Amino acid sequence: MKKSIFDKMSDSYENFHLKESKIGGGTVTVSPKLKLTLGWSLFILCCVLAYIFLGMPFVKKSKTVTQQEKKAVLDEKVKTDEEHDTIIPYEKDVDDVLNEFITNYFTAITSCDYLRLQDMVTNADEYSDDVNLKKKAEFITGYDNITVYTKAGLEEDSYIAFVVANLTIAGVNSSPYDIMTLYIVNGERGYMINNGELTSDVKEYIEKVKGDADIQKVYKSVEKKNAELKEKDASLQQFYDTISGKDTTSKTSEKQTGENTEASEVNSENTVSEENQENVQAEENTDNGQGDEVVPEQ
């Protein structure tokens, strides 16, 4: 009886997998177990080779920007307070180690862990105690859903990190978005935030790449999302009014006035005023490279 194609395939499978195979006229016998082991080994090897030659091109890699290209930014004739064509393109979440470092940094801030912060910055004196951290933690209690946009810094092994996160604010129902700018260096101790005095060239470089069209698109996206949140959440609108000095109803007692003053002090170091938010600048903190928490104009 003539066998069907399925019968032939079944016979081939049985002969190859379930019976011994003889090689070289019967001089070498290969057991089914050995054939199975060799088959899986070959399959794994093919998977590894496929990953190397096909998968590796899709793995995120940091783009190399030469020192000449970075120094050329200083010669660019652009206005630092206006959006312009992208000079140094950003990379999004390209380094898992850097993302973890930044996440740990903001966790240390909300937990007022000043000792840990001393090991994460170039100028440890800023965190000699936790007084200012505790004041800030009364209002901003969490940073979540952190996304890191990095641009190459002027100095070797340095980066400008634009950190977008959702804030958890005491007394506010929703979680608005915020943008913080950090100047980060990578050395023998790993990643560190340069919160010391920056050179004039570095300050100019930061201001110029901040005006790049690609990062300005991120700022505008944050503005739009926060505008939508403010329309739906009265508590968020009141918070913005309080820190901008527009909320007069919350100043009916001496205690409330003191609370509002502290809120303004905490945010004045990190928040751009509404009048200047349109340009999305961070003039307040580029002197020391700290995170300038920008609450964009709504």
Side-chain angles (χ1 to χ4, degrees), residues 57-106 143-167 176-186 190-195 198 201-226 270 272 277-286 289-297:
F58 299 99
V59 175
K60 292 187 292 185
K61 297 179 182 180
S62 180
K63 298 176 183 177
T64 301
V65 181
T66 66
Q67 285 298 115
Q68 287 184 337
E69 290 175 321
K70 291 188 286 188
K71 290 181 178 179
V73 174
L74 301 176
D75 298 325
E76 290 284 342
K77 305 299 181 182
V78 296
K79 294 183 178 180
T80 57
D81 59 348
E82 295 181 1
E83 179 180 329
H84 50 254
D85 292 339
T86 299
I87 306 172
I88 301 293
Y90 72 61
E91 297 180 280
K92 180 181 177 182
D93 290 333
V94 71
D95 188 334
D96 292 336
V97 176
L98 177 58
N99 278 30
E100 182 180 5
F101 169 80
I102 290 175
T103 298
N104 292 338
Y105 170 74
F106 286 111
Y143 298 84
D144 302 298
N145 303 320
I146 292 176
T147 302
V148 181
Y149 300 85
T150 52
K151 289 177 177 279
L154 179 62
E155 302 163 320
E156 188 174 356
D157 290 329
S158 66
Y159 307 88
I160 306 169
F162 299 91
V163 184
V164 177
N166 288 108
L167 300 184
Y177 293 83
D178 201 3
I179 301 179
M180 296 141 282
T181 306
L182 304 173
Y183 192 67
I184 296 175
V185 294
N186 189 13
Y191 288 118
M192 298 188 74
I193 295 170
N194 187 342
N195 63 330
L198 301 178
D201 283 349
V202 171
K203 294 176 186 177
E204 180 183 352
Y205 179 89
I206 293 174
E207 287 303 308
K208 284 186 174 181
V209 299
K210 269 191 175 182
D212 284 351
D214 61 351
I215 201 64
Q216 285 298 307
K217 184 177 180 180
V218 178
Y219 273 99
K220 291 174 182 177
S221 175
V222 169
E223 292 176 8
K224 181 179 179 181
K225 291 176 181 178
N226 280 347
N270 305 292
V272 177
Q277 286 164 0
E278 184 177 354
N279 294 327
V280 198
Q281 297 185 69
E283 298 177 354
E284 296 174 348
N285 288 315
T286 51
Q290 298 180 36
D292 51 318
E293 298 178 8
V294 180
V295 182
E297 184 183 31

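Just so it is clear, the model here is predicted, and its values are computed rather than measured.
With 3.5 Å as the limit, one finds a donor-acceptor pair spanning the side chains of Glu155 and Tyr183. Under the 3.5 Å distance criterion, with hydrogens and angles disregarded, a donor-acceptor pair is assigned to the side chains of Asp95 and Tyr191.
How far CD of Glu223 is from CD1 of Ile179: 7.5 Å, rounded to the nearest 0.5 Å. For the atom pair CE of Met180 and CD1 of Ile146, the computed distance is 7.0 Å after rounding to the nearest 0.5 Å.
Looking only at distances, a side-chain donor or acceptor of His84 sits under 3.5 Å from a matching main-chain atom of Lys208. With hydrogens and angles ignored, the 3.5 Å screen pairs a side-chain donor or acceptor of Asn226 with a backbone N or O of Tyr177. Distance alone, capped at 3.5 Å, is enough to place a donor-acceptor pair between the Thr66 side chain and the Glu69 backbone. Using a distance-only test at 3.5 Å, with no hydrogens or angles considered, a donor-acceptor pair links the side chain of Thr103 to the main chain of Asn99.
Shortest non-hydrogen contact noted between Ile160 and Ala152 is CD1-O, 4.4 Å. In plain terms, the two heavy atoms of Asp212 and Ile87 that are nearest each other are OD1-N, 3.1 Å. In terms of heavy-atom proximity, Gly211 sits nearest to Gln216 at O-CG, 3.7 Å. Nearest approach of Lys70 to Gly153, heavy atoms of both residues: CD-O, 2.7 Å. The minimum heavy-atom distance between Leu154 and Ser158, with the atom names listed, is N-OG, 3.6 Å. Scanning all heavy atoms of the two residues, the minimum distance from Lys151 to Asp214 falls at NZ-OD1, 2.9 Å.
No side-chain heavy atom of Glu76 sits under 4.5 Å from any side-chain heavy atom of Ile88. Taking 4.5 Å as the limit, some side-chain heavy atom of Thr147 sits within range of a side-chain heavy atom of Tyr149. Under the 4.5 Å side-chain criterion, counting only non-hydrogen atoms from C-beta, Ile206 is in contact with Leu198. Using a 4.5 Å heavy-atom cutoff, the side chains of Phe106 and Ile102 are in contact. Side-chain contact between Thr150 and Val94: present, with at least one pair of heavy atoms (C-beta onward) separated by less than 4.5 Å. Looking at Phe162 and Val148, their side chains never come closer than 4.5 Å, going by heavy atoms from C-beta outward. Using a 4.5 Å heavy-atom cutoff, the side chains of Tyr90 and Val218 are in contact.
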>> Run Tyr143 and Leu167 through side chain to side chain contact (heavy atoms under 4.5 Å, CB included) and show every step you take.
In response: CA-CA 5 Å; Tyr143 298 84; Leu167 300 184; 3.4 Å; yes

>> Go through it in stages, so that I can follow the logic: the residues are Ile215 and Val209, the test is side chain to side chain contact (heavy atoms under 4.5 Å, CB included), and I'd like the CA-CA distance, side-chain angles, deciding distance and then a yes or no.
In response: CA-CA 8 Å; Ile215 201 64; Val209 299; over 6 Å; no

